[in-house]
Amino acid sequence: MSNNPSLSAFINNLQSQAQTLDNWELNEAIDQLHSTYHYMLSFLVKGVEDPNADKLQTQLWTRAQALGQSILRQKYLKEKPNSRYRMALQSLRTDSELSNLQMRLELLCDSAELEDCMVKLFRRIWTSDQWQNSDYEQAMQLLDATEVPAKAKAVLIGAVVLALLEFFDEKKLLFLLDASLNETDEISQRALVGVVLSLRKDNALLPYYPEITSRLNFLSDDDAFTSNIYTILIQLQMSTMTDKITSKMREDIMPTIVKGSRMMKKRMGLVELGNKLSENGENPEWLNTENQDDSKAEEKVREMVEMQLDGEDIYMATFAMMKGYKFFHETAHWFYPFTDDDLALQNMQENFGSKSGDFMRALLAGAPFCNSDKYSLCLLTATLGQQGFDSIASQVEAQMADLDKDELDEALGKAIHRKKKQKEYSRHFIFDLYRFCYIYGFRSEFYNPFADAKQNIFSPMSIPALAYLTENKPLLLEHAEFLMRKGFYEQALQEFHLYMQTEQHTAELFQKIGFCYQKTEQWAEAQKYYERADSIKADSKWTLSHLGRVCIMQGNYAAAADCYEQICQMEPENVGYLLRWAECLQETGRTTEAIDILHKANYLDPESKRARRLLGTCLIINKEYDKGITYLDTPLLRGLAHIIAGNPTEAYAQLKQAYNEVQSPTTFSQNFNTEAQPFYKAAVLTPQVAELYFDAVLFNV
């Protein structure tokens with residue numbers, strides 16, 4: 001018998017909880033469920049065979065779980081009477097029934113009527129209890145109705161997504177799965193985001209809903225569906241980096257740009273940055289100035305380009321402060337797709353006339369801002385004077401120049417163009433959700449699907465219902481590589497190993513696995529996979545370099561020396577590798593060999609302090625004192641060398657000078673111990689002797 005409660009125990013628990021709620025319909029539904037299961041069990045003990053018994057039991061479990069969600073909803077309404085959820089529900093009247101709303105939406109109506117309809121539609125769906133078949137069918141009718149505005153359909157999807165983040169509902173999730181096949185990209189991508197979030201949040205409930213599993217199995221053969229899910233998993237995981245990106249934007253990138261010249265400040269306004277970031281990967285010469293601050297600003301702008309093209313949310317910090325407008329007090333507005341006919345934008349259109357139309361078209365054409373950020377920008381411009389509006393609008397309108405290229409892309413390859421648009425819709429909807437969860441004034445009342453995503457990542461391996469996605473090995477490998485690039489090494493290892501079970505092993509795969517083990521400080525495992533990579537593809541400088549590092553971390557300097565020797569045979573004049581090789585030889589006592597290599601490194605780069613210090617240290621260890629001391633550039637090192645050479649007076653003088661430079665016993669002690677380590681290891685200096693000189697300096701003998 002499983003550890004889960006039996007169905008009878010679960011039903012009894014439902015009855016106990018429902019008794020505390022003043023809802024006769026809910027109590028009646030639970031009593032009916034109890035009676036049905038009682039009859040089923042009575043037939044069983046009487047020996048009456050029922051070929052549909054298993055199916056019926058599954059259906060009863062499904063119904064019981066749905067009632068459990070209804071109880072949770074009723075408790076929430078009772079315990080939080082002032083919540084936005086309850087207030088939204090109480091605001092609805094009979095004219096807010098879905099069928100009535102659809103009829104109104106299908107009629108020609110002005111902006112005010114459309115706004116009223118969409119807010120009611122959102123509230124009706126968001127606060128609805130468990131859907132019945134009739135609810136599901138009405139929602140599908142609205143989605144399929146050609147007369148209903150596309151914006152209202154997007155709002156419908158947004159409301160279903162938020163409803164599922166509140167309470168699980170089989171019919172709502174099935175609705176999103178169906179909507180994910182919609183021909184309108186904005187609809188399908190919003191729906192897919194909701195599917196992934198719901199499957200992740202309530203994966204423990206899914207075994208009780210076989211129809212959902214069946215629907216997912218059906219969609220598993222759809223390559224486009226699988227590819228889109230992987231894309232959304234990556235985009236959702238990218239959201240976990242937003243706080244880090246926001247800090248970088250506030251503390252590093254934007255201050256550097258602001259320090260640029262007046263020309264930089266004038267040319268690189270907020271929206272013009274957006275224009276540049278929307279380009280398709282080109283690396284133009286942003287500015288030609290001689291000012292050093294300008295040059296640094298250019299570098300930061302390029303860094304922003306790379307971040308944005310990688311899908312990172314670089315505008316969170318900028319627009320967070322623009323979410324205080326009354327427009328954002330309404331929950332539904334956080335889920336609106338941006339359109340140029342919204343009631344909230346009338347002031348801007350009235351103030352700036354035809355110019356606002358060009359501004360809108362530029363935003364609609366593909367500006368790199370999510371929907372709520374576009375509303376923020378428009379609401380801001382409505383408060384500016386003509387000059388302020390013209391400044392921002394002119395920068396946005398510059399994006400219109402990219403339209404010809406987009407049209408050309410569509411003509412040459414519609415599939416590629418559509419894939420790009422799909423990624424934009426899903427990414428922007430995720431950005432909207434992220435802002436809702438972290439900026440909305442009442443955000444504490446809502447479930448935040450991003451809160452635990454750094455630990456419980458968005459991966460097909462952490463969402464059981466999406467485990468089938470791992471059968472697509474190319475996409476699994478891409479996802480594992482993404483996790484590796486973004487620093488989720490433990491999770492990347494899981495996916496790499498799963499991929500490795502069935503796919504051909506390559507040197508590159510072993511390199512990546514070794515790298516993940518190295519980053520998680522699992523040195524022995526890292527060494528094993530680097531060696532496997534080397535056995536398949538010998539003489540890889542990258543593999544040998546990393547293998548050398550993990551050998552050093554394990555104290556295996558002889559193996560590390562072999563790695564760097566091979567690299568130096570390929571790059572005989574690479575000073576960095578020569579020094580690594582010499583260091584490893586020194587650690588293994590092969591000082592004479594190290595000296596020969598260090599002489600070469602010093603010849604190749606006479607300005608290298610590291611090379612000179614290593615050479616001097618090795619010469620001292622090799623008892624070539626006079627030569628060694630000439631290469632040592634600090635009084636501390638020279639003092640240690642004179643101790644070893646038997647020159648106590650000169651040793652004391654040098655060490656005293658070293659102490660006077662820091663004037664701190666603690667700092668002097670730390671420096672002393674660090675520089676003395678190679679001499680201790682080579683047994684040319686004992687800690688006891690060194691301590692005497694150290695104390696002599698401290699006592700100012």
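Note that the numbering runs from 1 along the sequence shown for the chain.
Sorted by first and then second residue, the pairs that involve residues 430-442 and meet salt bridge (charged side-chain N to carboxylate O under 4.0 Å, His left out), not counting sequence neighbours, are Asp313-Arg435, Asp373-Arg435. For residues 167-195, the set of pairs meeting the ring-ring contact (aromatic ring centres under 6.0 Å, His included) definition, not counting sequence neighbours, comprises Tyr85-Phe167, Trp131-Phe175, Phe168-Tyr209. Listed by first and then second residue, the salt bridge (charged side-chain N to carboxylate O under 4.0 Å, His left out) pairs that reach into residues 335-349 are Lys151-Asp342, sequence neighbours excluded.
If you take CD1 on Ile245 and OG1 on Thr240, they are separated by 8.5 Å, rounding to the nearest 0.5 Å. Going from atom CG of Leu192 over to atom CG of Leu177 covers 8.5 Å, rounded to the nearest 0.5 Å. Atom NZ of Lys374 is separated from atom CZ of Phe319 by 10.5 Å, given to the nearest 0.5 angstrom.
Side-chain atoms of Ser372 do not come within 3.5 Å of backbone N or O of Trp334 as any donor-acceptor pair.
Evaluation of the salt bridge (Lys or Arg N to Asp or Glu O under 4.0 Å) rule for Glu481 yields Lys512 as partners, not counting sequence neighbours. Residues meeting the side chain to side chain contact (heavy atoms under 4.5 Å, CB included) test with Gln346, sequence neighbours left out: Ser111, Leu343, Gln349, Glu350. Residues that satisfy the side chain to side chain contact (heavy atoms under 4.5 Å, CB included) test with Ile234, not counting sequence neighbours, are Met238, His479, Phe482. Judged as a ring-ring contact (aromatic ring centres under 6.0 Å, His included), and not counting sequence neighbours, the contacts of Tyr434 are Tyr438, Phe450. By the salt bridge (Lys or Arg N to Asp or Glu O under 4.0 Å) test, Glu97 pairs with Arg124, sequence neighbours left out. Here Asp144 pairs with Met140 under the side chain to side chain contact (heavy atoms under 4.5 Å, CB included) rule; sequence neighbours left out. Considering only residues two or more places apart in sequence or on other chains, Lys80 meets the salt bridge (Lys or Arg N to Asp or Glu O under 4.0 Å) condition with none of them. Taking the side chain to side chain contact (heavy atoms under 4.5 Å, CB included) definition, one finds that Gln494 meets it with Met461, sequence neighbours left out. Under the rule for a salt bridge (Lys or Arg N to Asp or Glu O under 4.0 Å), the partners of Asp178 that lie at least two apart in sequence or sit in another chain are Arg215.
Using a cutoff of 4.0 Å between basic side-chain nitrogens and carboxylate oxygens, Glu312 and Arg427 are not scored as salt-bridged.
Residues Arg190 and Val160 have side chains not in contact (no heavy-atom distance under 4.5 Å, counting atoms from C-beta outward). In this structure, Leu233 and Gln237 have side chains that are not in contact, with every pair of non-hydrogen atoms separated by 4.5 Å or more. Counting heavy atoms from C-beta on, the side chains of Glu495 and Leu483 come closer than 4.5 Å. For the pair Ile125/Leu156, a side-chain contact is recorded, criterion being any heavy-atom separation below 4.5 Å from C-beta on. At a threshold of 4.5 Å between non-hydrogen side-chain atoms, the residues Ile229 and Leu475 do not count as touching. Inter-residue side-chain proximity for Leu197 and Leu433 is flagged as met; some heavy-atom pair is nearer than 4.5 Å. Using a 4.5 Å cut-off on side-chain heavy atoms (C-beta onward), Pro337 and Val155 make contact. Looking only at side-chain heavy atoms (C-beta outward), Cys378 and Phe338 come within less than 4.5 Å of each other.
Counting only N and O atoms by type, the side chains of Gln491 and Ser459 include no donor and acceptor under 3.5 Å apart. Side chain to side chain, Ser128 and Lys172 meet the donor-acceptor criterion of an N or O pair below 3.5 Å.
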Checking Asn448 against Leu165 for the side-chain contact (heavy atoms from CB on, under 4.5 Å) test, could you report, in this order, the C-alpha distance in whole Å, the side-chain angles of both residues, the deciding distance, and whether it holds? CA-CA 8 Å; Asn448 185 344; Leu165 291 179; over 6 Å; no

Can you list the steps and then say if Phe436 with Thr331 is a side-chain contact (heavy atoms from CB on, under 4.5 Å)? CA-CA 9 Å; Phe436 174 77; Thr331 306; 3.8 Å; yes

So Gln235 and His428, side-chain hydrogen bond (donor to acceptor under 3.5 Å, both in side chains) or not? Walk me through it. CA-CA 10 Å; Gln235 291 173 337; His428 289 168; over 6 Å; no

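Because its NZ or CZ atom is both nearer than 6.0 Å to the ring centre of Phe328 and within 45° of the ring axis, Lys323 counts as a cation-pi partner of that residue. Judged by a 6.0 Å distance limit and a 45° cone about the ring axis, Arg200 is positioned over the six-membered ring of Phe458.
Of all heavy-atom pairs spanning Tyr468 and Thr226, the tightest one is CE1-OG1, 4.3 Å. Between Arg104 and Glu113, the closest heavy-atom pair is NH2-O, 3.9 Å. Lys201 approaches Leu164 most closely through the heavy-atom pair NZ-O, 3.9 Å.
For an aromatic pair to be called close, the ring centres must be under 6.0 Å apart, and Phe442 with Tyr440 satisfies this. Aromatic pair Tyr336/Phe122: centroids not less than 6.0 angstrom apart.
If you run ring pair (Phe, Tyr, Trp, His ring centres under 6.0 Å) between Tyr375 and each of Phe327, Phe335, Phe369, only Phe327 comes through.
Within 6.0 Å of CZ in Phe218 there are 12 or fewer heavy atoms belonging to other residues, nucleotides or ligands.
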